[in-house]
Amino acid sequence: MPNKIFSGIRPSGKLHLGNYLGAIKNWIELQDKPDTERAVFAVVDYHGITTPFDPKTYHQQIMDTALDFLAAGIDPKKSLLIRQSKVPEHTELAWIFNTITPVSWLDRLPTYKEKLGETGGRYNHMGILDYPILMAADILLYKSNLVPVGEDQLPHIDLTNEVAKKFNSMFGQTFEPVKPYLAMGTRIMSLQDPIKKMSKTGDEGIALSDNPDEIREKIKKAVTDSGKEIVFDPDKKPAISNLMTVYHLLSQNSVKEIEKKYGGKNYSEFKNDLAEVVVNFLKPFQEKRKELESDLTYVEDVLMESEEKARIIASSTLTEVKQKMGL
Ligand code: AMP
Ligand code: TRP
């Protein structure tokens, strides 16, 4: 079966290496595969408003995320690049799914519990609980069957399949099963605490837009494990193993090759080299991004054209869904 790809990222801050290695890198590989029939990538701005955001800067953040996608290699000739809130069918389908999904499928999800924990329960609104239903709607609206994500999103993919099955059984065969697409590096950890995943907040991550000096400084300050051998052992040496994963994914050296290369050397030598690997890797991305920043009408055109095409697919699915339900 040909691949129909969908994925999204919230515009909740600067994209970091975890986003790139866990998600966008795979998006780009998938958009280029000959058996990919279509790929839709979204700035999921409706998901982004489920956690605190600043309305004064939110528009800018949405555009920044779109710029990051394009600079990282999303090709508008091959893929659609959309803002979720510009394709209203996403929330329409989400409402329909709300009516067939038991609350108990949502309030048991680890992501829900984590989010409540993070905000001390202050943001216990319907949107947080309902977040995965909107995600299911994002995916199924385009009849997608392959979703490149980081492993933290796996429970949401399971839920998407449960919702699709329930819809099919209630109203007739409509949606195909959805598979996640994972690759090594799906969980890049914080540079300050290798037990936590790298996130957009704080300086425990490397933003794709960090300048060379910021990158060098952050890597220098990254925590390391006790002992001084450079060996890959995520259980016993989570910090150095995380840094080695980043090195491996950005340099094409295998983990074994890295172990060999740094056998007998110390952490700081390894870190100095890693910093240069990251700086060099991000250079073309940062150059492309600068170019795009000076041509925002091009970016706006890409988005509008994609959104128009997305609405054609989306409204066709929604018409089918509504017909099946007698709406
Ligand atoms: P988020 O930043 O939470 O909106 O995540 C956007 C995408 O990046 C999702 O597919 C996540 O699974 C992925 N992602 C986020 N943080 C990491 C990380 N530290 N390591 C790997 N993938 C990540
Ligand atoms: N929930 C995802 C995250 O937090 C973002 C997202 C929203 C998404 N809709 C999606 C990812 C659809 C893949 C497919 O990272």
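Counting starts at 1 for both ligands and their atoms, following the listed order. As a basis for the values below, the full set of heavy atoms in this structure was taken, side chains included, without hydrogen atoms, waters or symmetry mates. If you're wondering where the values come from, they're calculated on a predicted model, not measured in any experiment.
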Would you kindly specify which portion of N19 sits under 4.0 Å from ligand 1, judged on non-hydrogen atoms: side chain, backbone, both or neither? both

Expected rows: ligand 2 N/O, protein N/O, dist below 3.5 Å:
unit_1	atom_1	unit_2	atom_2	d
ligand 2	1 (N)	Y131	OH	2.9
ligand 2	1 (N)	Q153	OE1	3.0
ligand 2	4 (O)	Y131	OH	2.7
ligand 2	4 (O)	Q153	NE2	3.3
ligand 2	9 (N)	D138	OD2	2.7
ligand 2	15 (O)	Q153	NE2	3.4

Can you list the ligand 1 atoms lying under 4.0 Å from a non-hydrogen atom of I9? 4 (O), 6 (C), 7 (C)

Residue pairs, two or more places apart or on separate chains, that pass ring pair (Phe, Tyr, Trp, His ring centres under 6.0 Å) and touch residues 55-84: W27-F69, F53-Y58

Is the shortest heavy-atom distance from the side chain of E151 to the side chain of K197 under 4.5 Å? no

Proximity of H16 to ligand 1 by residue part, where a heavy atom lies under 4.0 Å: side chain

Could a heavy atom of L21 be found less than 4.0 Å from some atom of ligand 1? no

In ligand 1, which numbered atoms sit nearer than 4.0 Å to a non-hydrogen atom of A23? 7 (C), 8 (O), 10 (O)

Does the side chain of N124 pick up a donor-acceptor pair with the side chain of Y112 at under 3.5 Å? yes

Is the distance between the ring centroids of Y20 and F285 less than 6.0 Å? no

Taking side chain as C-beta onward, heavy atoms only, is L243 less than 4.5 Å from L191? yes

Heavy-atom contacts with V149 under 4.0 Å: which atoms of ligand 1 show up? List them by number with element. 10 (O)

Would you mind listing which atoms of ligand 1 come within a distance below 4.0 Å of any non-hydrogen atom of Q153? 12 (O)

Please identify which atoms of ligand 1 are closer than 4.0 Å to at least one heavy atom of R10. 1 (P), 3 (O), 4 (O)

For T317 and L141, indicate whether the former's side chain and the latter's backbone hold a donor-acceptor pair under 3.5 Å. yes

What orientation do F6 and H90 show, parallel under 30°, tilted 30 to 60°, or perpendicular over 60°? tilted

More than 12 heavy atoms of other residues, nucleotides or ligands under 6.0 Å from CD of E293: yes or no? yes

Which segment of R187 sits under 4.0 Å of ligand 1 when only heavy atoms are counted: backbone

Check whether more than 12 heavy atoms from other residues, nucleotides or ligands sit under 6.0 Å from atom NZ of K86, and answer yes or no. no

Which atoms of ligand 1 sit under 4.0 Å from any heavy atom of G22? 21 (C), 22 (N)

Could you check whether E214 pairs with K218 (Lys NZ or Arg NE/NH1/NH2 to Asp/Glu carboxylate O, under 4.0 Å)? no

What do you reckon, does P148 have a nitrogen or oxygen under 3.5 Å from a nitrogen or oxygen of ligand 1? no

Within a distance under 4.0 Å of any heavy atom of I188, pick out the atoms of ligand 1 and give their elements. 18 (C), 19 (N), 20 (N), 21 (C)

Do D75 and Q31 have side-chain N/O donor and acceptor atoms under 3.5 Å apart? no

Before signing off on this row, confirm whether D152 and ligand 1 have an N or O atom pair separated by under 3.5 Å. yes

In this structure, would L159 and Y131 fall into the same cluster of hydrophobic residues linked by side-chain contacts under 4.5 Å? no

